[in-house]
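Numbered from 1 within each chain, the chains take letters A, B, ... in sequence-line order. Heavy-atom basis, side chains included; hydrogens, waters and symmetry copies ignored.
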Amino acid sequence: MNQIINIIKALQGENSTNEKVAILKANKDNELLKKILYYTYNPYMKYKITEKSLDKMQIDDVIIKGIYIGDIFNLMDELNKNNINDYLRGRVQMFLQGKDKKLQDFYKMMLLKDLRCNISAKTINKVWKGLIPQFNVMLASKYWDSMDRVEGKEFIVTTKLDGSRMVAWKESGIFKAFTRQGQEVLGLAEIEEDFINIPDNIVLDGEILLRNDNDLESKDLYRATMKEVRKDGEKHSLIFNVFDILPLNEFQEGKSKLSCKDRKKILHNLLNGKDLKHIIEVKPLYVGKDTNKIIELLDNAITNGEEGVMVNLSDAVYECKRTKTILKVKKFNEADVKVIDMTEGTGKNKGKLGMITVQFEHKGKLWTTGIGSGFSDNERELYWNQPDILLNKIVTVGYFEISSNANGGYGFRFGTWKSIIRDDKDEISMY
DNA sequence: CAAACACTCTGGGGTTCAAAC
DNA sequence: GTTTGAACCCCAGAATGTTTG
């Protein structure tokens with residue numbers, strides 16, 4: 001185990017990712033290293049331990065009676081298979097106690113699924129192909145950052161739906177559905193029924209949303225959808241809004257052969273005219289080269305209470321990664337809010353600012369929400385060391401929408417720091 | 001050599017479920 | 001019955017090394 005710790009230390013001390021790969025390659029035959037990386041970085045193995053809960057354990061202060069029989073892998077298997085509880089937390093303490101600090105820290109990092117050496121599944125899989133299971137779907141980039149990508153090219157505009165991403169297919173007649181992160185979605189009998197009409201080994205990619213029986217606004221429908229999607233057991237009234245299609249083998253290889261335009265045509269022909277109750281096609285709103293149409297359709301979408309639109313380049317193939325051949329077009333809002341608190345960050349932000357808590361006004365009342373995204377490293381350091389620069393000041397921040405929660409409260413969804421301190425005013429305002 | 005890409009890290013609101021209180 | 005912790009939906013954005021044109 002000491003040898004492994006030295007290898008990880010070497011990785012920590014190396015900035016170059018090519019060098020990290022070289023270090024791992026030099027140890028390719030080290031089965032223990034391979035096993036440790038597998039247990040640490042496999043996204044489907046969950047140990048339900050966080051830094052906070054580990055800190056609470058205070059290993060050396062509380063001596064637990066008993067000795068853990070087994071190694072770290074036995075412990076991790078035990079945690080992975082069961083729901084976490086105080087008995088299992090006690091088992092973790094039992095395992096860690098008595099071991100020297102170096103070893104304890106290493107085992108803790110394993111349990112936290114992060115060896116803190118800036119590597120992840122992608123880097124590990126460059127050395128051991130397929131060791132860490134990965135699941136990738138095509139992801140869009142932001143239109144505002146890549147507007148030049150569509151100039152002079154033909155594109156297809158569709159509605160952007162605010163629900164939960166899902167890919168689904170049938171293999172040997174068996175229906176399977178997965179979220180964006182590769183979590184299997186169960187309890188979809190209604191959608192499965194419609195798959196009688198879909199041949200085997202064809203992947204449908206889309207967004208599931210609750211059927212909008214109550215004519216909810218987009219953000220309320222999103223919340224209602226999440227309630228249904230995230231609960232166990234049979235899910236009801238979910239509609240699979242499909243926007244893409246490709247053969248299963250091409251999806252698994254990570255790239256389609258056909259262009260977006262051809263795929264949308266095939267999708268239309270497959271779904272059109274069939275009596276489907278829980279699968280619908282996301283239909284093109286516009287096909288052409290006129291970029292003015294994008295803004296026009298975005299405005300329409302916002303007027304209709306929708307999230308925005310997607311711009312798909314007509315000749316682009318499907319790729320299982322983030323790409324600039326699909327662009328999302330959304331409108332963000334800004335507000336002047338008051339900074340009332342600051343919280344220290346974690347990990348590389350320890351000793352620096354993590355987030356600010358701000359006060360905003362909504363429906364005639366004051367609410368608070370956290371803003372943690374958008375700060376540069378320098379800002380995090382400066383504001384943490386000199387809090388008076390921000391505390392009690394009015395700042396302009398961005399957000400997508402005001403979200404409501406089950407307790408009747410409100411917050412900012414996708415709130416971001418914009419580096420704007422309003423020294424000219426001391427009033428909160430939304431605009 | 002600059003620009004684009006790839007990869008990793010950290011931050012948010014909100015929901016469910018199970019365990020703890 | 002209520003609160004808390006963990007996982008996972010939705011993400012945004014910064015930083016930095018690597019590859020491309």
Side-chain angles (χ1 to χ4, degrees), chain A residues 14-21 41 43-44 46-53 56 79 82-89 113-114 116-126 139-142 144-146 148-149 160-166 179-183 185 207-209 218-219 222-233 307 321-324 328 330 332 343-350 352-358 367-380 397-407 409-419:
Chain A
E14 183 56 67
N15 287 330
S16 157
T17 38
N18 285 348
E19 280 305 312
K20 285 181 208 278
V21 170
Y41 289 101
Y44 300 113
K46 286 156 272 195
Y47 312 122
K48 300 101 180 178
I49 298 283
T50 59
E51 200 162 6
K52 214 170 127 191
S53 66
K56 257 190 198 164
L79 290 166
N82 301 293
N83 287 330
I84 191 73
N85 55 30
D86 285 350
Y87 166 75
L88 282 173
R89 291 188 182 103
K113 297 181 70 70
D114 185 0
R116 313 258 3 137
C117 52
N118 290 307
I119 62 161
S120 201
K122 280 186 174 135
T123 305
I124 296 165
N125 282 342
K126 280 177 188 166
L139 298 170
S141 300
K142 286 184 201 82
W144 309 115
D145 294 345
S146 303
D148 54 316
R149 296 293 168 131
K160 184 174 195 312
L161 296 161
D162 195 9
S164 185
R165 182 74 174 272
M166 190 171 91
T179 68
R180 192 182 127 169
Q181 282 166 43
Q183 300 295 323
V185 188
E207 195 89 0
I208 40 173
L209 273 88
S218 176
K219 65 171 183 174
Y222 169 76
R223 250 182 82 204
T225 298
M226 284 309 152
K227 278 189 178 185
E228 195 64 28
V229 167
R230 297 203 58 72
K231 77 178 173 200
D232 290 349
E307 192 188 2
K321 60 174 186 178
R322 193 168 297 283
T323 151
K324 289 181 175 172
K328 49 185 164 183
K330 298 203 284 186
F332 270 75
T343 311
E344 187 183 351
T346 65
K348 67 180 186 185
N349 289 340
K350 216 165 175 40
K352 294 179 185 172
L353 176 68
M355 64 165 220
I356 54 173
T357 303
V358 300
W367 310 91
T368 60
T369 195
I371 307 278
S373 187
F375 292 97
S376 69
D377 287 354
N378 284 341
E379 285 174 324
R380 288 188 192 281
V397 298
Y399 66 99
F400 173 59
E401 65 189 7
I402 292 176
S403 55
S404 36
N405 62 40
N407 300 323
Y410 297 93
F412 282 179
R413 188 171 172 207
F414 311 146
T416 53
W417 174 247
K418 294 279 174 198
S419 301

Rounded interatomic separation in angstrom, taking [atom1] from [X] and [atom2] from [N]:
| X | N | atom1 | atom2 | result |
| --- | --- | --- | --- | --- |
| A:D86 | C:dA6 | CG | P | 11 Å |
| A:D232 | C:dC8 | CG | P | 12 Å |
| A:D114 | C:dA6 | CG | C1' | 17 Å |
| A:I49 | C:dA6 | CD1 | P | 7 Å |

Checklist outcome for this item: Of A:K352, A:K348, A:M355, the one forming a side-chain contact (heavy atoms from CB on, under 4.5 Å) with A:R380 is A:K352
How is [X] classified with respect to the nucleic acid when contacts are heavy atoms under 4.0 Å: base, sugar-phosphate, or nothing?
| X | result |
| --- | --- |
| A:Y399 | nothing |
| A:K126 | sugar-phosphate |
| A:T123 | sugar-phosphate |

Item to check | Rounded distance (nearest 0.5 Å) linking atom CG of A:N118 with atom CG of A:N15 | outcome: 8.0 Å
Checklist outcome for this item: Residues passing the ring-ring contact (aromatic ring centres under 6.0 Å, His included) test with A:Y47, sequence neighbours excluded, are none
Next on the checklist: According to ring-ring contact (aromatic ring centres under 6.0 Å, His included), who are the partners of A:Y222, at least two apart in sequence or on a separate chain?
Outcome noted: none
Next on the checklist: Going 5' to 3' along DNA chain B, between which two nucleotides do contacts with chain A fall, using a heavy-atom cut-off of 4.0 Å?
Outcome noted: B:dA4 to B:dA20
Next on the checklist: Applying salt bridge (Lys or Arg N to Asp or Glu O under 4.0 Å), can you list everything that pairs with A:D145, at least two apart in sequence or on another chain?
Outcome noted: none
Checklist entry - Along nucleotides 9-15 of chain C, 5' to 3', which nucleotides get a B, which get an S, and which get a -, given that the test is a protein heavy-atom distance under 4.0 Å? => result BBSBSSS
Could I get the full list of side chain to side chain donor-acceptor pair (under 3.5 Å) partners for [X], not counting sequence neighbours?
| X | result |
| --- | --- |
| A:S164 | none |
| A:E401 | A:R413 |
| A:K160 | A:E307 |
| A:N83 | none |

Checklist entry - Within the pair A:K48 and C:dA7, is there a side-chain N or O less than 4.0 Å away from OP1 or OP2? => result no
Checklist entry - For DNA chain B, whose closest nucleotide is more 5', that of A:I371 or that of A:T17? => result A:T17
Next on the checklist: Here's a test of your reading of the structure: between A:I119 and A:G345, which maps to the more 5' nucleotide of DNA chain B?
Outcome noted: A:I119
